[in-house]
Amino acid sequence: MADAFDAIIIGTGQAGPPLAKRFAEAGMRVAIAERHLFGGTCVNTGCIPTKTMVASAYAAHMVRRAADFGVVAGEAVRVDMARVKARKDAISERSRLGVERTLRSLTNCSVYQGAARFQSPREVRVGSTVLRSERIFINVGARASIAPMPGLDGVPYLTNSSMMNLDVVPAHLLIVGGSYVGLEFGQMFRRFGSQVTIVEKSPQLVSREDEDISNAIRGILTDEGIDVRLNAHCIDVGGSGDSISVHFQSDNETQSVSGSHLLVAIGRRPNTDDLGLDDAGIRHDERGYIVVDDKLLTNVSGIWALGDCNGRGGFTHTSYNDFEIVASNLLDNKPRSLADRIGAYALYIDPPLGRAGLTEQEARRRGRPILVGKRPMTRIARAIEKGETKGLMKIVVDAESEEILGASVLGTGGDEVIHGILDMMYARAPYPVLRRAMHIHPTVSELIPTILGELVAV
Ligand SMILES: Cc1cc2nc3c(=O)[nH]c(=O)nc-3n(C[C@H](O)[C@H](O)[C@H](O)COP(=O)(O)OP(=O)(O)OC[C@H]3O[C@@H](n4cnc5c(N)ncnc54)[C@H](O)[C@@H]3O)c2cc1C
């Protein structure tokens, strides 16, 4: 006999818990299953712990730079990794316990601890219990992708998850993968005191970004002493004693780097391989991402997929936005759709990159005339006053419709500044509205109207 519910939710990432709360508060009987840590990636091995560690790294960096500001600091900076980890653990734990406590305190909500697997389109098994519902919501997230690289199994490599257990500063951290995860860990550990080498197969770091932005990011990292190897195709990995070596092909020759620790940060893969998708007839692509429509519904009626596992987002805010879309459609009778979402994200190196909408190269590919405005942070008073002048701002506009197509703010406060532009994009306001806005001095944002007054056709 199966236990019957009005809704079953698999996974407690960024969409499942708020959805459980909304359903339970609407008087529905809800079952939610979690196989590992409540709160999922963001809370335990992603955003929250990494951003607390980025904050520690920033503190170390600023103490080293104290003299630039006329401040006399004490002895040479030393990072106590055990205390960095303890601070990170405490902040993550508070959030994890908060998610669990909220779910367990909900009237109408039953929490199951264990891996859930579809038995049929209406049945899910968790351990020895079978749950049944006409509505099932998948929020199983993703994990680090590990390429079948020769020799990798023979060395003690790290992923974003196992990095969380490090309580020493590695002597030399090798990182395979020059995208968001690799760069955030790379800069943070450089600031903690590690030697860091990043090996990336593409000709540029964070290859989805425009070349000027990517080059500026590379400059920020290399200025801090990070060794960046581009066009570097890994061949194999080996180890002896305390040393790990990565061999790669670059410039038609085989090269290698050796270090004490290896982080593999080459992308993510969805946690759908052991979910029994085929037993429920749920369509997925060749990488395992569940195919959904703009309302997050799968090909099977009554089954939705939210968050990283649907391949439509990849961020905490996109997963939470998936929840909002589903809740609005099912509970509030206010139609919402993925089609209304504008892409936005940040890269938390320091200074951070805030991104909204299209890159310049994506805008060019549309084949319509565009205008571009740019300004280096060296020409922004607030950045100069703060002594943080690395990076640049760029805004891309449709020359005919005057619509803002996208923006990149790589610089101090970039993760916050970008929202002024993102919100104008949601408001569908033509750029002259923002061009005429009076902003506060001295801020980085005050230069947004100025940049929009200096647009050039490209
Ligand atoms: C190092 C790193 C840094 C990041 N930094 C940021 C950032 O700064 N900003 C940002 O927006 N995003 C960031 N992300 C991405 C962000 O963490 C994810 O996009 C976010 O957590 C959304 O995840 P989700 O809701 O899809 O599911 P997840 O948070 O991944 O949760 C899925 C849950 O489902 C559970 N589960 C899986 N399979 C089953 C099963 N069969 N049965 C029961 N339970 C199951 C898992 O145990 C997990 O708890 C980062 C990611 C990483 C790796």
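In what follows, residues are counted from 1 in the order of the sequence shown. What you are looking at is a predicted structure, and each value in this text was computed from that prediction instead of being measured.
- Atom CG of D68 has more than 12 heavy atoms from other residues, nucleotides or ligands within 6.0 Å.
- Side-chain contact, S319 with Q14: no donor N or O sits under 3.5 Å from an acceptor N or O.
- For D308 and R143, the salt-bridge test fails: no basic side-chain N is under 4.0 Å from an acidic carboxylate O.
- Counting only distance, with no hydrogens or angles, the side chain of T412 and the backbone of P351 share no donor-acceptor pair below 3.5 Å.
- Salt-bridge annotation for E360 and R364: present, with a side-chain N of the basic residue lying under 4.0 Å from a carboxylate O of the acidic one.
- Counting all heavy atoms, side chain and backbone alike, V246 lies closest to C234 at CG1-SG, 3.7 Å.
- Across all non-hydrogen atoms, the minimal contact from I404 to Y431 is CG1-CB, 3.7 Å.
- The aromatic rings of F23 and F137 sit tilted relative to each other, their planes meeting at an angle between 30° and 60°.
- In plain terms, the two heavy atoms of N299 and G281 that are nearest each other are ND2-O, 3.0 Å.
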Inset, instruction - Give the C-alpha distance, both sets of side-chain angles, the deciding distance and a yes or no for side-chain hydrogen bond (donor to acceptor under 3.5 Å, both in side chains) between Q187 and E224. - result: CA-CA 8 Å; Q187 189 190 45; E224 292 190 24; 3.2 Å; yes
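- Using a 4.0 Å cut-off between charged nitrogen and carboxylate oxygen, D332 and R336 do not count as a salt-bridge pair.
- Contact between D210 and T359 at its shortest, heavy atoms only, is OD1-CB, 3.4 Å.
- Relative to the ring axis of F323, R22 does not place its NZ or CZ within 45° and under 6.0 Å from the centre.
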Legend entry - Criterion side chain to side chain contact (heavy atoms under 4.5 Å, CB included) on R35 and N271, from CA distance to verdict: CA-CA 11 Å; R35 73 175 177 189; N271 293 323; 3.6 Å; yes
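- For V228, the side-chain contact (heavy atoms from CB on, under 4.5 Å) partners are L205, R218, T222, I226, L230, not counting sequence neighbours.
- Using modelled atom types and a 3.5 Å distance limit, the side chains of H172 and S258 yield no donor-acceptor pair.
- Separation of atoms CZ (R191) and OG (S56) is listed at 12.0 Å; rounding is to 0.5 Å.
- For K295, the NZ atom sits in a packed shell: over 12 heavy atoms of surrounding residues, nucleotides or ligands are nearer than 6.0 Å.
- Every residue meeting the side-chain contact (heavy atoms from CB on, under 4.5 Å) condition with V291, not counting sequence neighbours, appears here in chain and number order: R283.
- Between H317 and F315, the angle of the ring planes stays under 30°, which puts this pair in the parallel group of the 30/60° scheme.
- For V43 against R96, the heavy-atom pair with the smallest separation is CG1-N, 3.5 Å.
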